[in-house]
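Keep in mind the model is a prediction, meaning the values are calculated, not measured. Position 1 is the first residue of the sequence; numbering continues from there. Indexing begins at 1, ligand by ligand and atom by atom, following the structure's order.
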Amino acid sequence: MDLCERCELSEAKIRLHMESDSMHLCNDCYNELMAEDLDVTLQPLLETFSIKDYQGISRTFLVERRPDPMGIFLEASETIEFGYKFAVHGELDCDQQALLNKLIDKAQIGIGKQQVKSGVFPNGQPYHTIMNDQFTGLIEYDETAEGLPLVIIDGKPFSWEEVGRMLMTYEGFQMKLEVYDFTDDVPEGSGPPNKNKTVM
Ligand SMILES: [Zn+2]
């Protein structure tokens, strides 16, 4: 692991570019330098929290904060690889505790609903089904799939092929794919009208 060039104690994770050179820094040093530069005070915040998912299982998140010229970015990522991840963004002068509460609320809503059901066919073949004709996922890099994405849904990784198979339940239907910034709230869609809505 690369050590931070400023404190030489923690893992360097972020590269800070300055006028003529750049420094490889740990999160804390990066935040301190950015906060100084942007003239914001970093309020003390929880660094971790645990909340229960749709099955009542406790999920633990690490909180990372990053001030940038556009505002304050807060991310909660689960302590497992390819787990749940949520982020929010606030103004530089926002109440950081309120921003953290917003992040925890967002995480609570996100992990509170199951979107994909998994099972096994009688022949032993596993399958996944999209439960309410829609899902919200996070696009990640799949190092095994030559340029195809890995999609994190329900805090679990799905290969692009698995996502494709799930969609085949909807052969003949239209679909809409829309992407959102990591910090945006994704609105709920309405789903296919003939499946979800009552015909009067
Ligand atoms: Zn450091």
Side-chain angles (χ1 to χ4, degrees), residues 1-53 57-112 136-158 179-186:
M1 111 181 156
D2 281 348
L3 282 180
C4 170
E5 290 173 28
R6 185 166 174 259
C7 66
E8 296 177 351
L9 292 171
S10 308
E11 184 181 357
K13 288 182 169 174
I14 309 172
R15 194 161 278 283
L16 179 66
H17 296 278
M18 288 157 294
E19 274 163 26
S20 55
D21 82 301
S22 74
M23 270 178 106
H24 206 189
L25 299 170
C26 71
N27 283 336
D28 288 345
C29 287
Y30 176 86
N31 283 352
E32 273 175 37
L33 290 178
M34 282 305 273
E36 251 170 52
D37 195 45
L38 299 164
D39 201 19
V40 283
T41 310
L42 295 176
Q43 295 158 8
L45 285 187
L46 277 182
E47 286 175 5
T48 170
F49 64 88
S50 296
I51 44 177
K52 289 202 166 93
D53 71 7
I57 296 170
S58 180
R59 305 277 193 154
T60 302
F61 292 85
L62 294 179
V63 178
E64 275 188 23
R65 169 172 46 185
R66 262 202 302 282
D68 62 54
M70 303 295 292
I72 292 175
F73 171 87
L74 270 191
E75 176 184 313
S77 53
E78 234 193 316
T79 49
I80 54 169
E81 197 184 22
F82 302 127
Y84 285 110
K85 254 190 214 173
F86 301 94
V88 292
H89 197 261
E91 300 289 325
L92 271 178
D93 61 354
C94 74
D95 176 340
Q96 293 165 34
Q97 184 58 50
L99 190 63
L100 175 64
N101 292 343
K102 190 178 161 196
L103 177 65
I104 296 174
D105 286 347
K106 187 174 180 179
Q108 186 65 77
I109 292 168
I111 75 172
T136 302
L138 188 66
I139 304 167
E140 293 224 18
Y141 178 69
D142 188 343
E143 59 183 25
T144 65
E146 293 178 9
L148 294 175
L150 188 72
V151 187
I152 312 299
I153 311 166
D154 293 347
K156 283 185 283 243
F158 291 89
V179 294
Y180 295 86
D181 187 87
F182 188 20
T183 58
D184 284 348
D185 285 323
V186 179

Please tabulate, for the side chains in residues 2-10, all donor-acceptor contacts under 3.5 angstrom to protein atoms that are two or more places apart in sequence or on a different chain.
| residue | atom | partner | partner atom | Å |
| --- | --- | --- | --- | --- |
| Glu5 | OE2 | His24 | N | 3.3 |
| Arg6 | NH1 | Glu32 | OE1 | 3.2 |
| Arg6 | NH2 | Glu32 | OE1 | 3.4 |

> With sequence neighbours excluded, what pairs up with Phe182 under the ring pair (Phe, Tyr, Trp, His ring centres under 6.0 Å) test?
Replying inline: none
Less than 3.5 Å apart, which donor and acceptor atoms pair up between the side chains of residues 103-111 and the rest of the protein, not counting sequence neighbours?
| residue | atom | partner | partner atom | Å |
| --- | --- | --- | --- | --- |
| Lys106 | NZ | Ala87 | O | 2.8 |
| Lys106 | NZ | Thr183 | O | 3.2 |
| Lys106 | NZ | Asp184 | O | 2.9 |
| Gln108 | NE2 | Lys52 | O | 3.2 |

> Can you tell which of Leu99, Asp95, Leu100 makes a side chain to side chain contact (heavy atoms under 4.5 Å, CB included) with Gln43?
Replying inline: Asp95
> What protein N/O/S atoms are found closer than 2.8 Å to the Zn ion (ligand 1)?
Replying inline: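 Near the Zn ion (ligand 1), the protein supplies Cys4 SG, Cys7 SG, Cys26 SG, Cys29 SG.
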>> Are there over 12 heavy-atom neighbours, none belonging to Leu42, within less than 6.0 Å of that residue's CG?
In response: yes
>> Please determine whether the number of non-hydrogen atoms from other residues, nucleotides or ligands lying under 6.0 Å from atom CG of Asp39 exceeds 12.
In response: no
